[in-house]
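A quick write-up on the structure given underneath.
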Amino acid sequence: MSKAAELAALIGSQTALSNRNLIINGAMQVAQRGTSTSITAAGSYFSPDRFEVGITATDQLAATLSQSTTAPDGFSNSLKFEVTTAETTLDADEIVTLRQKFEGQDLQRIAKGTSSAEQVTASFWVRSSNTGTYILELYDSDNTRQVSKSYTINSANTWEYKTITFPADTTGAFDNDNNLSLFFMFWLAAGSDYTSGTLNTSWASATTANRVVGQTNLIASTNDFYITGVQLEVGTATPFEHRLFQDEITRCKRYYQKSFPYGTAPFNNAGQGGTRWDERTAIWPPNSFSNSTYIGAWCHLSVPMRVAPTTTQYNCNTLGTSGSYLNDVQNSGISTSYAITSTNHNTEKLHFYPGGIYSFGNALGVNWEADAEL
Amino acid sequence: MSDMTIINAQYGVDPEGNNTSIKATIDGTEMFVPIDPANRHYAEIMRQVDAGELTIQDAD
């Protein structure tokens, strides 16, 4: 057997050849919510899909979170976090993280909490205007355990490839269900509550002061931070597992969907035309159904979601009341509106109810966003 | 690790009168939240209710 064949056989015996990457949308191809989001207050912000910026307790920070076309060779996109107003004083409880969360049922291959537990390796491309030490953390929310590793951005405004291996943990199994089990967190800033101890580089019960020791403060000035090619896999680092756009968007829709076309950000009063309503809009049929039948407006989801989703509603007529209302979808320019008073969604179907029976002769509908994020 | 601001929470009922959702304004946007502990918004609503920070009004 040739050396190449021996190597191929070895790799094949050690590592899954496909679906190695636990990260969804690691190449930042999918951005269903839009390509740019302004951050003006503490909270959670998603973009590109599956990547969440979590901001706690800041009082000055403003930033932009976007899908960028600045990327290393072999990639088309990256996630860009750009500070537009700095946090001049970082208080003890202030933090900024960039994270992806995982369902426990998708992590069973790690065998965490057993004698067969596996090490995992993160790899990614990163670039920032702000050099220094950064922290990447795995946080097990089922067992309140965590481990942190540091990496260094050496050169400003230059793409750098990083690999970080986390040890196996024989304590604390991940639940085998669709709930949150693991945070994968790139830290961008952390106040002294999180940095005043000794960095915990082996799995242990979480101690806040030991989680982010040595972290550079990215938000101290108007810096930027780009990342792409994010991979988390069992064992050691392998080349990034590129997936087709269709594969990634299908995975993303388990956590977020909308009735609007891919490139259209949700908005009210879409009016006549391609975005006004289509087969994804929740519809209450007209008089082909009896007016005395209390059925409400409904539609199927294009991909089953993780759990019954939270929805935000949008008027799909040029007239009528915006937001949580059913509006005429047969004739643009008719202002009839019925307030939505309840919903009964499940993982495969959305269902919107008005407060009673309607006697209007036309079909009613509503556009929507559905969120089943962890 | 949640920073949701939740106000104006009210139960919604299906045609049979069962509580099936909570209408609430979350971070400034009106949303309908399913009654499902695995839904992150419902979990946060109930955390705030248990902490005495939020009250859910009955359906109209």
Side-chain angles (χ1 to χ4, degrees), chain A residues 40-45 52 54-58 95 97 99 101 103 139 141 177-180 183 185 255 266 293-296 305-314 322-325 339-347 350-357 366 368-374, chain B:
Chain A
T40 56
S44 294
Y45 301 86
E52 176 187 18
I55 299 174
T56 300
T58 57
I95 62 175
T97 63
R99 60 205 185 195
K101 301 172 186 170
E103 299 174 45
Y139 188 99
S141 60
D177 59 22
N178 63 343
N179 294 323
L180 172 62
F183 290 80
M185 295 207 288
Y255 304 93
T293 304
Y294 191 104
I295 56 172
M305 300 192 80
R306 181 185 66 85
V307 293
T310 298
T311 53
T312 305
Q313 293 67 227
Y314 299 87
S322 296
S324 300
Y325 289 82
I340 297 168
T341 59
S342 66
T343 61
N344 194 6
H345 307 324
N346 60 42
T347 58
L350 302 181
H351 210 142
F352 300 89
Y353 294 115
I357 297 167
V366 63
W368 48 267
E369 283 181 285
D371 177 330
E373 297 281 2
L374 287 158
Chain B
M1 290 193 178
S2 176
D3 292 294
M4 295 181 204
T5 300
I6 303 175
I7 58 174
N8 301 330
Q10 181 180 30
Y11 282 109
V13 295
D14 68 8
E16 285 74 47
N18 304 305
N19 286 338
T20 56
S21 62
I22 297 171
K23 182 171 72 173
T25 301
I26 302 175
D27 294 335
T29 301
E30 185 173 275
M31 301 181 183
F32 281 90
V33 179
I35 296 177
D36 182 343
N39 178 293
R40 67 190 179 106
H41 297 106
Y42 180 76
E44 177 60 15
I45 287 171
M46 298 316 294
R47 188 196 68 75
Q48 294 190 16
V49 168
D50 291 345
E53 300 166 358
L54 179 68
T55 300
I56 308 172
Q57 303 299 319
D58 291 336
D60 289 330

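Everything numeric here is computed off the predicted structure, so don't read it as measured data. Every chain is numbered from 1, with letters handed out A, B, ... down the list of sequences.
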Check whether A:Ile340 gets within reach of chain B through its side chain, its backbone, both or neither, counting any heavy atom under 4.5 Å.
-> both
Minimum heavy-atom distance between A:Arg306 and B:Arg40, given as atom pair plus value = NH2-N, 4.5 Å
Would you give the length of the straight line joining atom CG of A:Asn344 to atom CD of B:Glu16, rounded to the nearest 0.5 angstrom?
-> 9.0 Å
Rounded distance [0.5 Å steps], CE in B:Met31 versus OG1 in A:Thr310 | 7.0 Å
Chain B interface, residue from A:Ser324, A:Gly43, A:Ala42 that has the most non-hydrogen pairs under 4.5 Å | A:Ser324
If you draw a 6.0 Å radius around OH in B:Tyr42, do more than 12 non-hydrogen atoms from other residues or ligands fall strictly inside?
-> yes
Provide the closest heavy-atom pair for A:Tyr353 versus B:Asp14 in the form atom of the first, atom of the second, distance.
-> CE1-CB, 3.9 Å
Between B:Val13 and chain A, which part of the residue has a heavy atom less than 4.5 Å away: side chain, backbone, both or neither?
-> backbone
Counting heavy atoms not belonging to B:Asp58, are there more than 12 under 6.0 Å from its CG?
-> no
For the side chain of B:Thr20 and the backbone of A:Thr343, is there at least one donor-acceptor N/O pair under 3.5 Å apart?
-> yes
For the pair A:Ser342 (side chain) and B:Gly12 (backbone), establish whether a donor and an acceptor sit closer than 3.5 Å, ignoring hydrogens and angles.
-> no
Side chain, backbone, both or neither: which part of A:Ala372 has an atom under 4.5 Å from a heavy atom of chain B?
-> neither
Give the minimum heavy-atom separation between A:Val307 and B:Ala38, together with the two atoms involved.
-> CG1-CB, 3.4 Å
Counting only heavy atoms closer than 4.5 Å, note whether A:Asp371 contacts chain B via side chain, backbone, both or neither.
-> both
Residue from B:Asn39, B:Asp36, B:Ile35, B:Asp60 scoring the most non-hydrogen pairs under 4.5 Å with chain A is B:Asn39
